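Residue numbers start from 1 in every chain, and the chains themselves are labelled A, B, ... in the order their sequence lines are given, proteins ahead of strands. Please read all numbers here as calculations on a predicted model, not as lab measurements.
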There are 2 protein chains.
Amino acid sequence: MDKKLDAIFAALADPTRRAILAMLLEDDMAVTDVAAPFAMSLAAISKHLGILSDAGLIARDRRGRVIWCKLEPDGLRAASVWMQGFGQMDVMDLDAFEAFLETGDALADQEGLENQSP
Amino acid sequence: MDKKLDAIFAALADPTRRAILAMLLEDDMAVTDVAAPFAMSLAAISKHLGILSDAGLIARDRRGRVIWCKLEPDGLRAASVWMQGFGQMDVMDLDAFEAFLETGDALADQEGLENQSP
DNA sequence: GCAATCGTCAACCATTTGGTTGAATATAAT
DNA sequence: ATTATATTCAACCAAATGGTTGACGATTGC
């Protein structure tokens, strides 16, 4: 139960992984496309995605030979709850965030990347 | 500027350090008293405090031979700003948090520990 | 069938991390 | 002055982290 927080904060502690999360906030992406902007190997990015996935911050979904990565809407909840207890302050509206991710603009213009045939 | 976030999230990724922060939320504490509940050496705790301090999450203030540790009210700001941008949501009211720390109950009953002569 | 693409796995490497112990420093108390 | 207390420092250690490369398994397209 503490392990979850460990994993989340450790995942957030790396700038590459934070950048990946920021990219996924705008669009679901294939692993190769996630890796493209970074000056490191695909295998390294694959490891980062594994860490983000283990922390519950993203999910990976295989479609054909392409694996699509997307944000896990509930992923930040544990961290937010801890921060809430820490600061005794208003924390974020995670339910609104989930709604935002699932129905909102973030995932709307996915055709910016190549289309996979359904 | 990214390094700051690295340091903050890395600091939060360790359960001992999160526990220390939770303790300091209730009271300013001397290093020895911080270390007391943990099953590790004082030197190890001293290192953890150094990491928290480098991350800007706590401040250490020497008074006599005792070093008092207290939360740095502004310490979580960068992390909160990042999360805010990430989720596009309210994260926390840090100004209220600062007010809470500086004038509120948290630091009020410090006489629970031994008094240092002024 | 055969070749190209997508992604992971395994082995390796250097660096960082989280802990230990023992010595060193600074202040306080007797 | 001596002794005790509070804390850090330095050297060391095992394990984890972040990266590399090359081989591998799946899937697609010709």
Side-chain angles (χ1 to χ4, degrees), chain A residues 2-21 23-24 28-55 57-70 113-118, chain B residues 2-3 5-21 23-24 27-55 57-70 113-118:
Chain A
D2 239 15
K3 306 277 291 287
K4 194 169 194 170
L5 279 179
D6 293 7
I8 294 173
F9 284 127
L12 295 180
D14 184 277
T16 300
R17 290 193 290 265
R18 287 198 306 275
I20 290 173
L21 290 176
M23 291 164 62
L24 292 179
D28 288 11
M29 296 180 79
V31 172
T32 302
D33 295 324
V34 169
F38 297 100
M40 70 182 69
S41 69
L42 186 60
I45 295 295
S46 182
K47 278 196 193 178
H48 282 303
L49 291 171
I51 290 168
L52 288 169
S53 179
D54 289 347
L57 295 177
I58 69 167
R60 283 178 292 186
D61 179 34
R62 167 156 234 145
R63 273 226 250 172
R65 67 180 163 186
V66 173
I67 294 181
W68 291 88
C69 305
K70 65 169 187 182
L113 301 172
E114 64 240 304
N115 294 335
Q116 74 281 14
S117 24
Chain B
D2 239 14
K3 308 277 289 289
L5 279 178
D6 294 7
I8 294 173
F9 284 127
L12 295 179
D14 184 277
T16 300
R17 289 193 291 265
R18 288 197 307 275
I20 291 173
L21 290 176
M23 291 164 62
L24 292 179
D27 264 320
D28 288 11
M29 296 181 79
V31 173
T32 302
D33 295 324
V34 170
F38 297 100
M40 71 182 69
S41 68
L42 188 59
I45 295 295
S46 181
K47 277 196 195 179
H48 281 303
L49 292 171
I51 289 167
L52 289 168
S53 178
D54 288 347
L57 296 176
I58 70 167
R60 284 178 291 186
D61 180 34
R62 167 156 235 144
R63 273 228 246 171
R65 65 182 163 182
V66 173
I67 294 181
W68 291 89
C69 305
K70 65 169 187 180
L113 302 171
E114 64 240 301
N115 293 335
Q116 72 282 12
S117 21

In whole Å, what is the span from the [atom1] atom of [X] to the [atom2] atom of [N]?
X       : N      : atom1 : atom2 : answer
B:Met40 : C:dT21 : CE    : P     : 12 Å
A:Ile51 : D:dA16 : CD1   : P     : 13 Å
B:Arg63 : C:dA28 : CZ    : C1'   : 16 Å
A:Asp33 : C:dT5  : CG    : C1'   : 13 Å
A:Phe9  : D:dA16 : CZ    : P     : 21 Å
B:Leu52 : C:dG18 : CG    : C1'   : 13 Å
B:Leu49 : C:dG18 : CG    : P     : 13 Å
B:Trp68 : D:dA6  : CH2   : P     : 11 Å

Could you check whether B:Leu42 gets within reach of a base, just the sugar-phosphate, or nothing at all, counting any heavy atom under 4.0 Å?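 Since a base atom lies under 4.0 Å of B:Leu42, the category is base.
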
Base, sugar-phosphate, or nothing for A:Ala10, non-hydrogen atoms under 4.0 angstrom?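 Here A:Ala10 touches no strand at all.
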
From C-beta outward on [X], which listed nucleotide comes closest to its side chain: [options]?
X       : options               : value
A:Ser41 : D:dA4, D:dT21, D:dG18 : D:dT21
B:Arg65 : C:dC6, C:dT8, D:dT5   : D:dT5
B:Ala43 : D:dT20, D:dT8, C:dG18 : D:dT8
B:Lys47 : C:dG18, D:dT7, D:dG29 : C:dG18
B:Ala44 : D:dT7, C:dG19, D:dG19 : C:dG19

Heavy-atom closest contact (B:Arg17 atom, B:Ala11 atom, distance):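 The pair with the smallest heavy-atom distance is NE-O, 2.9 Å.
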
Check A:His48 against A:Thr16 and note the closest heavy-atom contact, atom names and distance. CD2-CG2, 3.8 Å

Salt-bridge test for B:Arg18 and A:Asp6: reply yes if a basic N is under 4.0 Å from a carboxylate O, no otherwise. yes

Residue mapping more 5' on DNA chain D - nearest nucleotide basis, A:Gly64 or B:Arg62: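 So the residue in question is B:Arg62.
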
5' priority, DNA chain D, between A:Thr16 and B:Ile45 [closest heavy atom]: B:Ile45

Determine: side-chain N/O of B:Ser46 to OP1/OP2 of D:dT7, distance under 4.0 Å, yes or no.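 No, outside the criterion.
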
Does C:dG18 have its OP1 or OP2 closer than 4.0 Å to a side-chain nitrogen or oxygen of B:Arg17? yes

Value rounded to 0.5 Å, distance of CG in A:Leu21 from SG in A:Cys69: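 Answer rounded to 0.5 Å: 10.5 Å.
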
Is a donor on one side and an acceptor on the other found under 3.5 Å between the side chain of B:Arg62 and the backbone of B:Gly64?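 Present.
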
